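Protein chains get the first letters and strands the later ones, always in sequence-line order, with residue 1 at the start of each. Not measured: the values here are computed from a predicted model.
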Amino acid sequence: MLNRTQIGEILHRIAEMFPDAHCELIHANPFELTIAVALSAQCTDQKVNQVTRSLFQKYRTPEDYVSVPLEELEQDIRSIGLFRSKAKNIQALSRMLLEQYDGQVPREHEQLVQLPGVGRKTANVVVSNAFGEPAIAVDTHVERVSKRLGLANWKDSVLEVEKKLMKKVPREEWTQTHHRLIFFGRYHCKAQNPACPACPVLEFCREGKKRMKKLETV
DNA sequence: CTCCCGATAT
DNA sequence: ATATCAGGAG
């Protein structure tokens, strides 16, 4: 549907819209980033930052997370949701870091996804934001935006969406593009009430045009 | 595929 | 009341 030129124009306009898109999870090192991303599943970045502000003061190393009872860590992250599985994962992840990696977060994607609670998306966020390795992490925003715009198909899995985006974008722009698509999805092309009437890429968006027609009939 | 789950927006 | 939020594991 979309040709090379159109895709380039779409990404260019989104880049102009959010020139300073970046990781909004507050962190001071790769370990904190890994914890923050693991906590961010089905939860807003704002809420994660609210919890990690105190969490990262109490827990600074993998040893710190392992040294408390599971129930205590659960209470410390309870307000984030999915807190039982996340607390268990964080302790197991910390143990694995201590046993296999001398307490350091590994730099390789292949090793990161072996950590409990770390899947493909989280690993991509860590390698790109903490270690400078180009990656496109497909989260709920990237998936929704890509499918609405027609950069991917509605039936595509998140892995298929990631592959299609990597093919359409130069490798050295993967991480920036990833952040811009997140900002675009979070602040403009939102899940509920997307701002189609004020959208700079409406002319390329099948879903947007469809939504505009529905607005006219009302 | 379902389950995990509290907080917030709509 | 319901949908959604930087998903991952079983």
Worksheet item: Do any of residues 177-195 of chain A sit with a heavy atom less than 4.0 Å from DNA chain C, and if so which?
Response: A/H178, A/H179, A/I182, A/R186, A/A191, A/Q192
Practice prompt. Output the residues of residues 36-48 of chain A in contact with DNA chain B, where contact means a heavy atom of the residue under 4.0 Å from an atom of the strand; sort by number or write none.
Written response: A/Q42, A/K47
Item to complete: Mind listing the residues from residues 136-159 of chain A sitting with a heavy atom below 4.0 Å of DNA chain B? Number order is fine.
Response: none
Practice prompt. Enumerate the residues from residues 83-96 of chain A whose closest heavy atom to DNA chain C is under 4.0 Å, giving them by residue number; use none for an empty result.
Written response: none
Worksheet item: Angle class for the A/F183/A/H22 ring planes (parallel below 30°, perpendicular above 60°, tilted otherwise)?
Response: tilted
Worksheet entry | Value in whole Å for how far the P atom of B/dC3 lies from CG of A/L82 | 14 Å
Practice prompt. Between C/dA3 and B/dC5, how far apart are the C1' atoms? Round to whole Å, please.
Written response: 14 Å
Practice prompt. Report yes or no: do A/T44 and A/Q46 form a side-chain donor-acceptor pair below 3.5 Å?
Written response: no
Could you go through residues 188-202 of chain A and list every donor-acceptor pair under 3.5 Å that involves a side-chain atom there, pairing it with any protein atom two or more places apart or in another chain?
residue	atom	partner	partner atom	Å
A/H188	NE2	A/A195	O	3.4

Worksheet item: Taking the inter-plane angle between the rings of A/Y59 and A/Y65 on a 0 to 90° scale, is it parallel (under 30°), tilted (30 to 60°) or perpendicular (over 60°)?
Response: parallel
Practice prompt. Using the P atoms only, state how far C/dA6 lies from B/dA9, rounded to an integer number of Å.
Written response: 12 Å
Got a list of side-chain donor-acceptor pairs under 3.5 Å for residues 98-116 of chain A, not counting sequence neighbours?
residue	atom	partner	partner atom	Å
A/H109	ND1	A/N124	OD1	3.4

